[in-house]
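For ligands, and for the atoms within them, numbers begin at 1 and follow the listed sequence. Note that this is a predicted model, so its numbers are computed, not measured.
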Amino acid sequence: MTAQLIDGNALSKQLRADVARRAAALRARGITPGLAVVLVGENPASQVYVRNKVKACEDSGLHSVLEKYPATLSEADLLARVDALNKDPAIHGILVQLPLPAHIDAHKVIEAISPAKDVDGFHVASAGALMVGQPGFWPCTPYGCMKMLESIHYDLKGKHAVVIGRSNIVGKPMALMLLQKNATVTICHSATKDLKAMTLQADVIVAAVGKRNVLTADMVKPGAVVLDVGMNRNDEGKLCGDVDFDGVKEVAGYITPVPGGVGPMTITMLLVNTLEAAERG
Ligand code: GUN
């Protein structure tokens with residue numbers, strides 16, 4: 001193995017200790033940072049994610065409320081709950097876990113969240129703020145990736161960053177954050193003609209597709225930094241990312257593992273955003 005690991009668990013531990021300190025300082029002023037997590041339906045993966053988010057809040061001294069509703073909840077009732085949480089002074093951050101049942105318009109629900117409480121960074125106002133470089137909440141997964149680059153003191157100025165994936169949650173905001181740090185950014189996706197030709201030029205590669213082995217060793221320039229956002233299962237049912245870790249680690253300069261890489265950072269940045277929402281008041 002030539003690549004150095006960027007350990008998301010270790011970095012999360014540091015950042016969460018800082019969150020806990022700042023949360024204690026707020027509590028001393030009579031403000032307990034509060035996150036509301038809303039889950040509609042029984043999606044098993046969502047149930048795990050939501051449980052982890054609530055537990056992370058408790059561990060860092062943040063107040064959290066988990067609201068669980070049956071899959072039959074109407075859109076109007078969900079919008080009414082969001083409206084009540086917008087007005088609740090004990091709640092600083094609101095997260096509606098996605099995906100939502102098909103009869104609910106997820107976009108409409110996200111737009112109903114007050115941008116001041118949009119700790120997921122999914123609201124159009126948050127996306128717009130990121131695009132024009134104004135203060136606002138950044139989506140947690142790409143924000144976590146930026147913190148990982150910061151942790152290795154990586155200077156993005158003039159570097160070529162290739163993002164594989166163009167989702168609203170990861171790929172697009174990731175590209176904007178890298179651009180803001182003066183990288184030259186390429187976004188690749190399912191219609192990209194020659195992905196390997198792109199990634200071979202990259203100093204930094206972010207793989208965020210949701211498919212195993214999207215990035216293999218022959219596609220990576222020696223010494224490149226590789227961030228793996230994927231969360232997949234291999235044939236043995238083991239958690240794996242989008243990157244062929246065993247091959248790529250022999251070529252890359254830095255690499256994030258799965259599990260223990262970007263995953264824990266996503267929840268950490270949710271805590272950071274919630275804390276900042278409470279600090280902004
Ligand atoms: N579903 C999968 N990831 C996420 C996330 O980061 N936030 C929300 N709200 N739903 C998700």
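Contacts with ligand 1 closer than 4.0 Å are made by side-chain heavy atoms of Asp120 only, the backbone lying farther away. At a heavy-atom distance under 4.0 Å, only backbone atoms of Val96 (N, CA, C or O) approach ligand 1.
Annotation for ligand 1: atoms under 4.0 Å from non-hydrogen atoms of Lys53 are 5 (C), 7 (N). Atoms of ligand 1 found under 4.0 Å from any heavy atom of Leu95 (numbered from 1 in listed order, with element): 9 (N).
Not a single heavy atom of Met269 sits closer than 4.0 Å to an atom of ligand 1.
In this structure the side chain of Val19 never reaches within 4.5 angstrom of the side chain of Thr274, judged on heavy atoms. Side-chain contact between Ile164 and Asp242 is absent, with no heavy-atom pair separated by less than 4.5 Å.
One hydrophobic cluster, built from ILVMFWY side chains closer than 4.5 Å, cannot hold both Ile113 and Tyr49; they sit in different ones. Residues Leu73 and Leu39 are members of separate hydrophobic clusters, defined by side-chain heavy-atom contacts under 4.5 angstrom among Ile, Leu, Val, Met, Phe, Trp and Tyr.
Within 6.0 Å of CD on Glu42 lie no more than 12 heavy atoms contributed by other residues, nucleotides or ligands.
Residue, atom and distance of the protein heavy atom nearest to atom 3 (N) of ligand 1 are Gln97 NE2, 4.3 Å. When hydrogens are left out, the protein atom nearest atom 10 (N) of ligand 1 is Leu98 N, 3.0 Å; that is the closest non-hydrogen contact.
Arg280 forms a cation-pi arrangement with Phe137, by the criterion of a distance under 6.0 Å to the ring centre and an angle within 45° of the ring axis.
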